[in-house]
Protein chains: 2
Amino acid sequence: MSANTSKPTAKHNESYKDAKAILVAVDNVIFGFDPQEEKLKVLLFKRQVDPEAGKWSLIGSFVQADESADIAAQRILTKFTGLDDVFLEHFQTYSEVDRDPGARVISLGYYSLIRLDEQKEELVESFHAHWFHIDEIPKLVIDHNQIIQDALRLLQEDSKRKPIGFNLLPEKFTIPKLLKLYQEIMQEQLDDRNFRKKILSVGYLDRLEEKDKSNSKKGAYYYQFNVEKYFELVKEGYTLQLP
Amino acid sequence: MSANTSKPTAKHNESYKDAKAILVAVDNVIFGFDPQEEKLKVLLFKRQVDPEAGKWSLIGSFVQADESADIAAQRILTKFTGLDDVFLEHFQTYSEVDRDPGARVISLGYYSLIRLDEQKEELVESFHAHWFHIDEIPKLVIDHNQIIQDALRLLQEDSKRKPIGFNLLPEKFTIPKLLKLYQEIMQEQLDDRNFRKKILSVGYLDRLEEKDKSNSKKGAYYYQFNVEKYFELVKEGYTLQLP
DNA sequence: TCAAAAGTGTTTTCGGTACACCCATGG
DNA sequence: CCATGGGTGTACCGAAAACACTTTTGA
């Protein structure tokens with residue numbers, strides 16, 4: 001008697017045959033942290049296909065018929081960096097009809113965290129890919145600047161609640177480096193005493209005997225992330241909560 | 001000289017022509033709260049197309065060539081409930097190759113929050129859709145049970161950080177009802193005194209003079225969510241944080 | 001011996017939690 | 001007048017925040 005938004009009697013699940021297929025891509029915001037420079041970076045490369053060939057772009061690919069989106073995101077990550085088994089997470093979908101001038105493409109935004117010291121540099125170079133500091137991202141193809149911004153915001157959220165920062169550091173790292181990493185991610189200064197207190201009080205960091213003397217005469221103790229202890233804590237219902 | 005994961009010289013952006021298009025659907029987990037029953041519910045309907053026609057399913061549709069996924073999710077929501085301009089959010093993507101036995105379909109999971117008192121009941125009924133209490137969801141088609149579970153988890157997370165609960169209540173509501181709603185969402189008991197203190201201290205609830213006497217002789221004051229005050233708070237950097 | 005980074009403690013403040021009693025009113 | 005749900009206040013505890021000094025050692 002009202003609400004004539006649609007005919008209730010019409011079939012309201014379109015059949016598979018009537019539906020129009022769409023190109024689906026993954027775009028992967030690959031983050032890395034350079035412990036020397038103490039900078040958070042994103043891997044970009046020059047797009048190879050028209051339109052907009054030659055412009056900087058995120059690492060992406062179409063999702064193939066025989067792979068899930070997760071696998072596709074993993075595939076291109078491995079292809080460009082040689083790395084496998086790293087932190088990789090879907091965070092947003094971009095489906096505006098006209099976002100890609102080449103065709104109607106729905107893009108699945110992923111972000112991954114890798115250890116710069118473990119990447120295969122020859123591979124990165126062979127694709128003419130380049131690491132850009134998060135503050136110096138050039139104008140990118142399509143909506144990729146937006147995608148990076150969204151990824152960074154999620155990285156910030158996630159960093160507060162999960163110990164994912166360790167995916168960006170070498171196996172062994174010092175507390176000062178960890179602090180610098182968090183400051184880069186959060187884009188704000190943190191009190192070093194309170195940070196140290198908080199992060200060590202959780203109990204998932206093991207101090208090694210070894211020290212890193214590359215930055216000071218005194219040297220800073222190396223620490224290692226203890227995954228087992230972290231899983232125990234999670235089982236007990238613990239959830240990290242940084243400011 | 002290592003990392004032979006792929007030929008660096010090969011084109012590493014597949015051209016648009018080589019890519020295979022994929023069916024893309026949205027599945028919308030529509031939440032409603034019945035203030036009388038004090039139950040959180042999800043809208044489901046009987047799937048019309050094979051395979052698995054006749055089984056209970058989320059409200060979904062394929063994404064059309066001329067619409068974004070957001071619009072598609074909005075479209076089916078309006079079609080089934082008559083409602084427009086409600087809380088609607090994408091939360092996850094389901095892209096396993098064999099998830100749908102009918103074809104390769106990538107599904108975008110959405111969840112929406114509606115006011116049960118505002119839905120067009122004739123419309124809901126005309127589609128033979130039905131509201132199921134969150135604890136009594138039947139076995140659904142494909143991976144839809146999983147999708148609901150994921151949606152509920154996100155609703156719980158979001159509820160702690162954003163004042164989205166108000167999207168499930170009538171314009172005017174009492175604190176006891178709001179408490180019951182939060183308890184339904186969180187699936188746990190909350191201390192009523194602390195809850196009241198916390199939620200009122202934020203300052204985005206306006207007390208009306210009117211009382212709801214349907215549940216007690218004394219009557220409970222009606223409150224209203226004040227969007228303007230909330231936006232002001234957000235601008236000042238405020239973020240809600242419930243236990 | 002001193003510059004430069006690493007490491008350590010204390011006090012204050014604020015929010016979270018636990019907890020028990022009075023209030024209003026229709027029947 | 002009393003049962004029922006609605007509403008209020010307080011004491012305690014622990015975590016977060018602010019804040020400054022000592023330690024180490026290579027150059």
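Values reported hereafter were calculated over all heavy atoms of this structure, with side chains retained and with hydrogens, waters and symmetry mates removed. Proteins get letters first, then strands, A, B, ... in listed order; numbering begins at 1 in each.
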- prompt: Does Arg207(A) have any side-chain hydrogen bond (donor to acceptor under 3.5 Å, both in side chains) partners at least two apart in sequence or in another chain, and if so, which?
  reply: none

Counterpart residues, ring pair (Phe, Tyr, Trp, His ring centres under 6.0 Å), relative to Trp131(A) (two or more places apart): none

field: Atom-to-atom span, CG of Leu240(A) to C1' of dA16(D) - whole angstrom
entry: 14 Å

task: In plain terms, say whether Arg161(A) and Glu157(B) are close enough for a salt bridge, that is, a side-chain N and a carboxylate O under 4.0 Å apart.
output: no

message: Checking Glu210(A) now: which residues fulfil salt bridge (charged side-chain N to carboxylate O under 4.0 Å, His left out) with it, not counting sequence neighbours?
response: Lys172(A)

query: With the sugar-phosphate defined as primed atoms, P, OP1 and OP2, and the base as all remaining atoms, what B/S/- string results for nucleotides 17-27 of chain D, 5' to 3', for protein heavy atoms under 4.0 Å?
result: BBBB--BBBBS

field: Pairing residues for Arg115(B) by the salt bridge (charged side-chain N to carboxylate O under 4.0 Å, His left out) criterion, not counting sequence neighbours
entry: Glu118(B), Glu171(B)

message: Once side-chain hydrogen bond (donor to acceptor under 3.5 Å, both in side chains) is applied, do any residues pair with Arg99(A), and if so which ones, sequence neighbours excluded?
response: Asp143(A)

Salt bridge (Lys or Arg N to Asp or Glu O under 4.0 Å): pairs with one or both residues in residues 144-153 of chain B, sequence neighbours excluded: none

Exceeds 12 heavy-atom contacts within 6.0 angstrom, atom CZ of Phe231(B): no

task: Please identify each residue that fulfils side-chain hydrogen bond (donor to acceptor under 3.5 Å, both in side chains) with His133(B), with sequence neighbours left out.
output: Glu184(B)

task: Would you jot down, in residue-number order, the residues of residues 230-239 of chain A having a non-hydrogen atom under 4.0 Å from DNA chain D?
output: none

- request: Please find out if less than 6.0 Å separates the ring center of Tyr223(B) from that of Phe173(B).
  value: no

- prompt: Taking Tyr111(A) for the side chain and Asn28(A) for the main chain, is one N or O donor matched with an acceptor at less than 3.5 Å?
  reply: no

message: Quick check on contacts: within residues 175-186 of chain A, what sits under 4.0 Å from DNA chain D by heavy-atom distance?
response: none

task: May I have all residue pairs that pass salt bridge (Lys or Arg N to Asp or Glu O under 4.0 Å) and include part of residues 226-243 of chain B, sequence neighbours excluded?
output: Asp206(B)-Lys229(B)

- request: For DNA chain C, note the earliest and the latest nucleotide, 5' to 3', having some atom under 4.0 Å of a heavy atom belonging to chain B.
  value: dG16(C) to dG26(C)

